[in-house]
Amino acid sequence: MMNFKPPQAMIGSHSWPVLGLGFRPFYILAALWAVVAIPLWLGMLYGQVNLPSALPGYLWHAHEMIFGFAVAVIMGFLLTAVRNWTGLATPTGWPLAGLAMLWLIGRLVNLGAPLSVAAIVDLLFLPTGALMLARPLGASQQRRNYFVPVLLLALALMDAWFYREVALGESVQRPLMAALGLIITLVTVIAGRVIPMFTRNMAKSTQQYRWPWLENLIVPLTLLTFAGMIFWPQAWMTMVLASLAAVLHGLRAWGWDPRASKSYPMLWILHIAYAWIVVGFAGAALSALGYLSIVVVTHLFALGAMASMMMGMMTRTALGHTGRPLVAHYPETLMYALMPVALLMRIAASIIHPWSQVTPLWLIGSGGAWTLAFCIYLWRYGPWLLSRRVDGMPG
């Protein structure tokens, strides 16, 4: 899916290689924001940083991880993938620069502008990106992928819902969980397309199983379970749905032969990321029974499944689309290993010592592991993303 190489005329020639294809600026921006946002959040949490943001610190943190970091990775991936899926050009050059600038301004206004101004500016990004992606998808008539602009518009609606709840002084848990549910659904779709294929191609796996009934059911079940988590978080129906989702996601993941990935870091990070979806739904079932905090469940999905999958895809697509071998060396392996460390320390802060004096150590340790992972990404991949492909191809 990610190996299509279009002719030079399709992409164009740019004096700045960073504007040659969508993954380049957005992966850099996402990694930079990952490095900046978590230390800022910890500084706000412990009174060392005082920003004039209209959002309280904990709301700013939750919003920026989803509508800042995650949305940037998603946009970079989709701008690249849609070109491969359709064989048609997606924005490059100045249109791409304008879209990236729109994302960046959205982050800046949320640091200090009034809430109404921040909302208006921030809400421009996702619909603009959806329109840019709808054009090649519509021209190619690939109905299978029409969900892409629809999903981006749905995320924009969740962002608008978030700002509305903040303005009214209401809880933002529902819009944030809804946005996270949409992203996990996207991960479910993309993972089903790429993880089995990557495992077959790289690990030469021949022990894979896929069930059509399961593939047809998994996305509706994922959406329905998140609906239960949003509107009926402690209902028996939500517990049943979450338990069923955990079992079926687990069956699906096992069918992809994860054991074959053990010698290939670039594979096992994807399998582990998907496994966190299974754990997340199991945690949601426990949460519906009152045995687990929703904060833990949220981080299982957001830091475990979402961010780990994004780290895996940010390395893989960056290597492939800069003309480099798809091989994970020590820096990649260290980045991948730091992601579960960050997650487990964050969960420990909520479960093991929720009110203890050592809780800040767990949180700072989690934030440090996260920040180090993305610092390594910037150090290793930043120069490649800013440079032309080593094989002379466009993109």
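Please read these numbers as outputs of a predicted model, since none were measured by experiment.
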Go through it in stages, so that I can follow the logic: the residues are Arg83 and Leu88, the test is side-chain contact (heavy atoms from CB on, under 4.5 Å), and I'd like the CA-CA distance, side-chain angles, deciding distance and then a yes or no. CA-CA 5 Å; Arg83 189 206 70 177; Leu88 300 175; over 6 Å; no

Please tell me whether [X] and [Y] are part of a single hydrophobic cluster in this structure, the criterion being side-chain heavy atoms less than 4.5 Å apart.
X      : Y      : result
Tyr336 : Trp379 : yes
Met306 : Val172 : yes
Leu221 : Val187 : yes
Leu248 : Val278 : no
Leu223 : Leu153 : no

Would one find more than 12 heavy atoms of other residues, nucleotides or ligands at under 6.0 Å from atom [atom1] of [X]?
X      : atom1 : answer
Arg380 : CZ    : yes
Asn216 : CG    : yes
Tyr58  : OH    : no

Strictly by modelled atom types, are His271 and Thr199 linked by a side-chain donor-acceptor pair under 3.5 Å?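 Present: a donor and an acceptor within the cut-off.
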
side-chain contact (heavy atoms from CB on, under 4.5 Å) with Phe69: which of Met310, Glu64, Arg107?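 The residue from Met310, Glu64, Arg107 that satisfies side-chain contact (heavy atoms from CB on, under 4.5 Å) with Phe69 turns out to be Met310.
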
Roughly how far apart are [X] [atom1] and [Y] [atom2], rounded to 0.5 Å?
X      : Y      : atom1 : atom2 : result
Trp103 : Leu108 : CH2   : CG    : 8.5 Å
His321 : Arg316 : NE2   : CZ    : 10.5 Å
Ile277 : Thr185 : CD1   : OG1   : 8.5 Å
Ser293 : Leu286 : OG    : CG    : 12.0 Å
Leu152 : Leu131 : CG    : CG    : 11.0 Å
Met345 : Ile347 : CE    : CD1   : 12.0 Å

Does the side chain of [X] reach to within under 4.5 Å of the side chain of [Y], using non-hydrogen atoms?
X      : Y      : result
Leu55  : Leu115 : yes
Ile195 : Met309 : yes
Ser308 : Ile269 : yes
Trp33  : Leu104 : no
Met237 : Trp232 : yes
Glu215 : Arg252 : yes
Leu385 : Phe23  : yes
Arg210 : Trp256 : yes

Does the plane of the ring in [X] sit parallel, tilted or perpendicular to the ring in [Y]? Use 30° and 60° as the thresholds.
X      : Y      : answer
His249 : Tyr274 : tilted
Tyr209 : Trp211 : parallel
Phe374 : Trp370 : tilted
Phe26  : Phe125 : tilted

Is [X] reaching over with its side chain to a backbone N or O of [Y], donor-acceptor style, under 3.5 angstrom?
X      : Y      : value
Thr90  : Leu79  : yes
Gln208 : Pro196 : yes
Tyr381 : Met314 : no
Thr92  : Leu21  : no

How far apart are the closest heavy atoms of [X] and [Y], and which atoms are they?
X      : Y      : value
Val297 : Ala284 : CG2-N, 3.8 Å
Ala305 : Trp276 : N-CB, 3.5 Å
Thr225 : Ala245 : OG1-CB, 3.8 Å
Gln142 : Thr86  : NE2-CA, 3.7 Å
Arg24  : Ser387 : NH1-O, 2.7 Å
Pro175 : Glu165 : CG-CG, 4.2 Å

Is the centre of the Tyr163 ring less than 6.0 Å from the centre of the Phe67 ring?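 Between Tyr163 and Phe67, the centre distance exceeds or equals 6.0 Å.
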
Determine whether the aromatic ring centres of Phe77 and Tyr27 lie less than 6.0 Å apart.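 Between Tyr27 and Phe77, which both carry aromatic rings, the centre distance is not below 6.0 Å.
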
Once side-chain contact (heavy atoms from CB on, under 4.5 Å) is applied, do any residues pair with Met44, and if so which ones, sequence neighbours excluded?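 side-chain contact (heavy atoms from CB on, under 4.5 Å) list for Met44, sorted by chain: Val49, Leu51, Trp60.
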
Lys/Arg cation over aromatic Trp85: Arg193, 6.0 Å, 45° cone: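 Yes, Arg193 and Trp85 form such a contact.
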
